[in-house]
Amino acid sequence: ETGVTQTPRHLVMGMTNKKSLKCEQHLGHNAMYWYKQSAKKPLELMFVYSLEERVENNSVPSRFSPECPNSSHLFLHLHTLQPEDSALYLCASSQERARTQYFGPGTRLLVL
Amino acid sequence: RKEVEQDPGPFNVPEGATVAFNCTYSNSASQSFFWYRQDCRKEPKLLMSVYSSGNEDGRFTAQLNRASQYISLLIRDSKLSDSATYLCAVNGGGNQGGKLIFGQGTELSVKP
């Protein structure tokens with residue numbers, strides 16, 4: 001399936017590194033989302049972009065910085081992360097915010 | 001009370017069994033409801049949307065009970081390949097209308 005793609009699929013980084021996660025959707029949607037999924041915990045919504053404008057930021061620490069240059073692309077810039085930030089980071093998109101969301105395969109992040 | 005709550009399971013059932021999951025939600029203004037399936041180390045994938053009148057797709061039946069604020073998923077004649085975690089998602093409703101809130105998931109294991 002190529003509806004929503006994410007790169008990289010796996011990432012190991014030290015606490016002083018800077019990295020970026022990339023998400024691209026090929027579905028013509030106008031809303032995109034970042035979620036965090038830690039082991040045995042529910043999906044946590046991090047950011048929502050609608051028509052390229054950030055409409056929600058769920059009290060996410062500033063070491064996570066999203067960017068949405070256009071309606072097809074979404075980035076999550078990471079810097080000075082902590083080991084507790086290790087998780088699966090999922091991108092999703094939908095046609096309008098209240099509609100069905102489709103997920104990318106995720107980036108599995110390990111912070112050492 | 002959690003906004004969306006599911007039995008965590010695990011549900012261990014033999015092949016051919018019928019199994020039902022419930023998901024309760026707290027916001028009476030919620031309008032959209034979904035069931036997702038998540039395989040181990042993969043992203044959630046939409047299984048079915050849940051409509052007011054209930055809907056069926058093969059062995060899967062979803063129901064909505066607005067009065068009691070829950071949705072259900074019934075799986076008949078379960079297969080080994082149905083083993084996964086099932087997530088319910090509910091849109092926030094009201095001024096959170098664009099936000100999907102996920103339950104923590106119910107794990108299903110179908111045994112031979």
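Quick note on labels: first sequence line is chain A, next is B, and so on, each numbered from 1.
- Between B/Lys42 and A/Leu88 the shortest heavy-atom distance is O-CD2, 4.4 Å.
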For residues 7-15 of chain A, which side-chain donor-acceptor pairs fall under 3.5 Å, sequence neighbours excluded?
{"residue": "A/Arg9", "atom": "NE", "partner": "A/Gly106", "partner atom": "O", "Å": "3.4"}

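- Sorted by first and then second residue, the pairs that involve residues 50-62 of chain B and meet salt bridge (Lys or Arg N to Asp or Glu O under 4.0 Å), not counting sequence neighbours, are B/Glu56-B/Arg76, B/Arg59-B/Asp82.
- Side-chain contact check for B/Glu43 and A/Gln6: no donor-acceptor pair (N or O, by modelled atom type) lies under 3.5 Å.
- Heavy atoms closer than 4.5 Å to chain A are found nowhere in B/Gln6, neither backbone nor side chain.
- For A/Glu44, no part lies under 4.5 angstrom from a heavy atom of chain B.
- No chain of hydrophobic side-chain contacts below 4.5 Å, direct or via other Ile, Leu, Val, Met, Phe, Trp or Tyr residues, connects A/Leu21 to A/Tyr102.
- The list of salt bridge (Lys or Arg N to Asp or Glu O under 4.0 Å) pairs with a residue in residues 64-87 of chain A, not counting sequence neighbours, reads A/Arg63-A/Asp85.
- Cluster annotation: A/Met46 and A/Leu74 are assigned to the same hydrophobic cluster (Ile/Leu/Val/Met/Phe/Trp/Tyr, side-chain heavy-atom contacts under 4.5 Å, transitive).
- With contacts defined as side-chain heavy-atom distances shorter than 4.5 Å, the pair A/Gln101/B/Tyr36 qualifies.
- Residues A/Phe103 and B/Phe34 share a single hydrophobic cluster, defined by chaining ILVMFWY side chains whose heavy atoms lie under 4.5 Å apart.
- Put simply, the side chain of B/Pro44 reaches to within 4.5 Å of the side chain of A/Leu90, judged on heavy atoms.
- Comparing A/Ala31, A/Ser50, A/Ala92, A/Gly104 by how many heavy-atom pairs each has under 4.5 Å with chain B, the most go to A/Gly104.
- Taken together through direct or relayed side-chain contacts under 4.5 Å among Ile, Leu, Val, Met, Phe, Trp and Tyr, B/Leu47 and B/Val19 form part of one hydrophobic cluster.
- Listed in order of number, the residues of residues 102-112 of chain B that approach chain A to under 4.5 Å between heavy atoms are B/Phe102, B/Gly103, B/Gln104, B/Glu107.
- Note on B/Val50: it clusters hydrophobically with B/Tyr25, by side-chain heavy-atom contacts below 4.5 Å among ILVMFWY residues.
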